Amino acid sequence: MQYASLTFEFTNLAVSCNGFEIEPALPPSSPDFCGHPKANAFDDALFLHPFELPDIESFFEFDVNCQISSLGKEPSKSDYTIQLLSLGKETLREMRERQYLLILDEEQMGRLDVDAYLEPSQAELPKFFSMLRQLFGLS
C-alpha cells in the first residue's frame, strides 16, 4: 500500500471522509467523492490541507446552486483539491443544496437564527458549515 505510514495520521484522515456519513441514504457501493476517488493519488505541493490552513474556506466559493469552485487564492491548488476529491460531483452538490435549502426555509419561517446556528464556537458544526456561512454572508 502506497503511503501506508499515513494510514492513521490524523491530518491524512481529513481527506478520507466517508460520504455516507454525510448522506446515509447513499448506497455503500458508490463512494464517488472525498477520499474515495483519490485512491493513492496525491501531490503534497498542490493539495490544500484543511487542518494546516486556518483560512481553508478562503480558497473555495459556492454559488447559490451549491456548486464549488476556486475563489482565486492559489487557484491551481484549489482546482487540484476539488478535482482530486471529486468535490464537484453532482451527488455532493445536491447534498449541499438540500442542506442550504433546509436552513434557508427554517430561517424564512422564523424557526432558526442562522447567525447562532452557524456560530463557529459550537462543539458540533452543521453539515457543509463553511458553505453555509459563505452563502448566508457570515464568512
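No experiment lies behind these values; they were computed from the predicted model shown.
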#### Entry: Listed once per pair and sorted, the salt bridge (charged side-chain N to carboxylate O under 4.0 Å, His left out) pairs that draw on residues 74-85, sequence neighbours left out
Glu74-Lys77
### Query
Is there a chain of hydrophobic side chains (I, L, V, M, F, W, Y, each step under 4.5 Å between heavy atoms) that links Ile103 to Leu101?
yes
### Query
What residues, two or more places apart in sequence or in another chain, satisfy side-chain hydrogen bond (donor to acceptor under 3.5 Å, both in side chains) together with Thr81?
none
### Query
Same hydrophobic cluster for Phe128 and Leu71, using side-chain heavy-atom links shorter than 4.5 Å among ILVMFWY?
no
Please tabulate, for the side chains in residues 129-139, all donor-acceptor contacts under 3.5 angstrom to protein atoms that are two or more places apart in sequence or on a different chain.
unit_1: Arg133; atom_1: NH1; unit_2: Leu118; atom_2: O; d: 2.6
unit_1: Arg133; atom_1: NH2; unit_2: Leu138; atom_2: O; d: 2.4
unit_1: Gln134; atom_1: OE1; unit_2: Phe62; atom_2: N; d: 2.6
unit_1: Gln134; atom_1: NE2; unit_2: Phe60; atom_2: O; d: 3.2

### Task
To the nearest 0.5 angstrom, please state how far the CD atom of Glu97 sits from the CG atom of Asp63.
9.5 Å
#### Entry: With sequence neighbours excluded, residues passing side-chain contact (heavy atoms from CB on, under 4.5 Å) with Asp55
Leu53, Ser58, Phe59, Lys73
### Message
Could you measure the distance from the CE atom of Met95 to the CD atom of Gln99? Nearest 0.5 Å is fine.
### Response
11.0 Å
### Query
salt bridge (charged side-chain N to carboxylate O under 4.0 Å, His left out) with Glu124: which residues, sequence neighbours excluded?
none
### Query
How would you list, by chain and number, every residue that makes a side-chain hydrogen bond (donor to acceptor under 3.5 Å, both in side chains) with Gln108, sequence neighbours excluded?
none
### Query
Going from CD1 on Ile82 to CD on Gln67, what distance comes out if it is rounded to the nearest 0.5 angstrom?
8.5 Å
### Query
For Asp44, which residues count as a salt bridge (charged side-chain N to carboxylate O under 4.0 Å, His left out) partner, sequence neighbours excluded?
none
### Query
How would you list, by chain and number, every residue that makes a side-chain hydrogen bond (donor to acceptor under 3.5 Å, both in side chains) with Glu61, sequence neighbours excluded?
none
### Query
side-chain hydrogen bond (donor to acceptor under 3.5 Å, both in side chains) with Glu119: which residues, sequence neighbours excluded?
Ser121
### Task
Write down the atom of Ser70, the atom of Ser78, and the distance for their closest heavy-atom approach.
OG-OG, 2.7 Å
### Summary
Taken in chain and number order and not counting sequence neighbours, the residues that satisfy salt bridge (charged side-chain N to carboxylate O under 4.0 Å, His left out) with Arg96 are none
### Query
What pairs of residues pass the ring-ring contact (aromatic ring centres under 6.0 Å, His included) test when at least one of them lies in residues 102-126, not counting sequence neighbours?
none
### Message
Applying salt bridge (charged side-chain N to carboxylate O under 4.0 Å, His left out), can you list everything that pairs with Glu106, at least two apart in sequence or on another chain?
### Response
Arg111
